[in-house]
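Since the structure comes first, as structure tokens, the remarks are kept for the end.
Numbering of ligands and ligand atoms starts at 1, following listing order. We're numbering straight along the sequence, starting at 1.
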Amino acid sequence: MPSYRKKGLAMKTAQEYKNSLRSRNIKVYLKGELLNPETLIDHPFIRGHVNSAAMTYALACTKEYEDLMTATSHLTGKKINRFTHIHQSTEDLVKKVKMLRTISQKTGTCYQRCVGFDAMNATYTVTYEIDQAMGTDYHDRFKKYLEYVQENDLMVSGSMTDVKGDRSLRPGQQKDSDMFVHVVEKREDGIVIRGAKAHMTGMVNSHEMLIMPTMAMKPEEADYAVCCALPVDAPGVLHIFGRQTNDDRKCEGTVDQGNAQYGIVGGECLTILENVFVPWERVFMCGETQFSGLLVERFACYHRANYGGCKSGVSDVVIGATALMADFSGYGKASHVKEKLNEMIHMEETLYACSLASSAEGKPTASGAYFVDPLLANVGKHNVTKLIYDIDRLAQDIGGGIIATMPSESDLKNPDIGHYVEKYLHGIEGVSTEDRMRIARLIENMTGGTALVESMHGAGSPQAQKVMYSKLSSLEQKKQFAAHIAGLSGCSGNCADG
Ligand code: SF4
Ligand code: FE
């Protein structure tokens, strides 16, 4: 039995987390090659993502971050990693956002574990409500599963996004029914599912995956309303690792990678589920179509509320890198640079404020677990799709064209031409050319390609947030406010009238 499946190991250290990944029998393809499951976490394309996720384990074992990074399980009363916790208060929700900002400041990138964290909270709250309405026992099943996750301090990949095929067609109308994950067989001992999940953040360095439907399903789409958990190495599961901007640089030295230690965003993959068996005790929704939309919404809102946390932390690093680049180049004191840096700070704190507000305004669900304010969560994520672009635009503005045109580390180290790179890329006295190149590469890494697209589409594309506004905010009420104040006929204009 793999070590991560033993019961009662409690909180893992970063090293224990990494070791536990080696005992999986996971199938991962990368650039057309099947990787060795024992050593794939050392692969240059994957190593950084593992280091980043490991930070969620490492910080939880420190005194300094204990309060942010750990919690007391409401199921067992034991101390657990916060990433396996079910929010018991608005304080928990706020701590989550602060925790995310703290980790981002240390990794400068995504540490992936929030997706499963949010999936577990969403499933916890929704299974309770399904049981209340339908007399099922999903919530108890889920609590047992959650206890297993908490006891073993597992990393769970939240798995929502289906590949969707022809977007103009509903799941049941697709020519190929596998475009949406669905139940193909119901057996006495469990279900068999088939399909694929796209953009799976942190999947290849997780222990488990928690599958959720990708959208609200109609009554005739019962096979697609499925929520269940399975190990990432279950028979029939395989993962195809995605490419990233400049990923081949990971096979070279550290300078040109920008963030050699932690990589870029979450190491996403395409996960194929080819007739995968899931026992009933791991099934938390199976055909209850009327709750599929609720599960999607809960998960999406929990995750969208994160973005002002993790992205403000990432922006702390971008702003720091930008300021260093300006200093290293001799224009750090220029007034327009200072003004732009202030503008960047204004935008990142706006993102943070929105996440804090949606958490502080959280409310208990019927299950007792707390849920974020959904409108503010969506506004926060929507801001990320714009303000991160503006922050990164200013970083590139101040950083200069050199972040896109610089010679490589190999040129710097070449015995024949290295002295030219050294001489002509040098900035102020006292700062080495290599340090200036490292900072330029960090800006390139954090503000371009894969990193930027993640801000747009991670946790749902902007349109997914926009559709929530009319649902969660009442235009009618706003009209009434205006009609009242303008004294329109039918309104007295006296606010005391209500
Ligand atoms: Fe967590 Fe942010 Fe990565 Fe989402 S994008 S998993 S919230 S760090
Ligand atoms: Fe994300």
Ligand 1 to C114, heavy atom cutoff 4.0 Å, flagged ligand atoms 1 (Fe), 6 (S), 7 (S), 8 (S)

Check your understanding: Do E348 and I391 come close enough that some side-chain heavy atom pair is under 4.5 Å?
Key -> yes

Per-atom filter on ligand 1: closer than 4.0 angstrom to a heavy atom of H303 are 4 (Fe), 6 (S), 7 (S)

* **N-O pairing of E221 and R170 below 4.0 Å** => yes

When you measure from atom 3 (Fe) of ligand 1 to the N, O or S atoms of C310, does any of those distances fall below 2.8 Å? no

Quick note on ligand 1: atoms under 4.0 Å from a heavy atom of Y307 include exactly 4 (Fe), 5 (S), 7 (S)

Checking heavy atoms under 4.0 Å, the part of Q112 that sits near ligand 1 is backbone

Filtering F83, Y302, Y111 for the heavy atom nearest atom 8 (S) of ligand 1 leaves Y111

**Message:** Could you check whether any side-chain heavy atom of D392 comes within less than 4.5 Å of a side-chain heavy atom of I388, counting everything from C-beta outward?
**Reply:** yes

Q: Check whether any side-chain heavy atom of M215 sits under 4.5 Å from a side-chain heavy atom of Y224, and report yes or no.
A: no

For V115, the ligand 1 atoms with a heavy-atom partner under 4.0 Å come out as 6 (S)

Which of F284, Y128, Y148 passes ring-ring contact (aromatic ring centres under 6.0 Å, His included) with F142? It is F284

The residue among E151, K78, Q150, E147 that forms side chain to side chain donor-acceptor pair (under 3.5 Å) with S73 is Q150

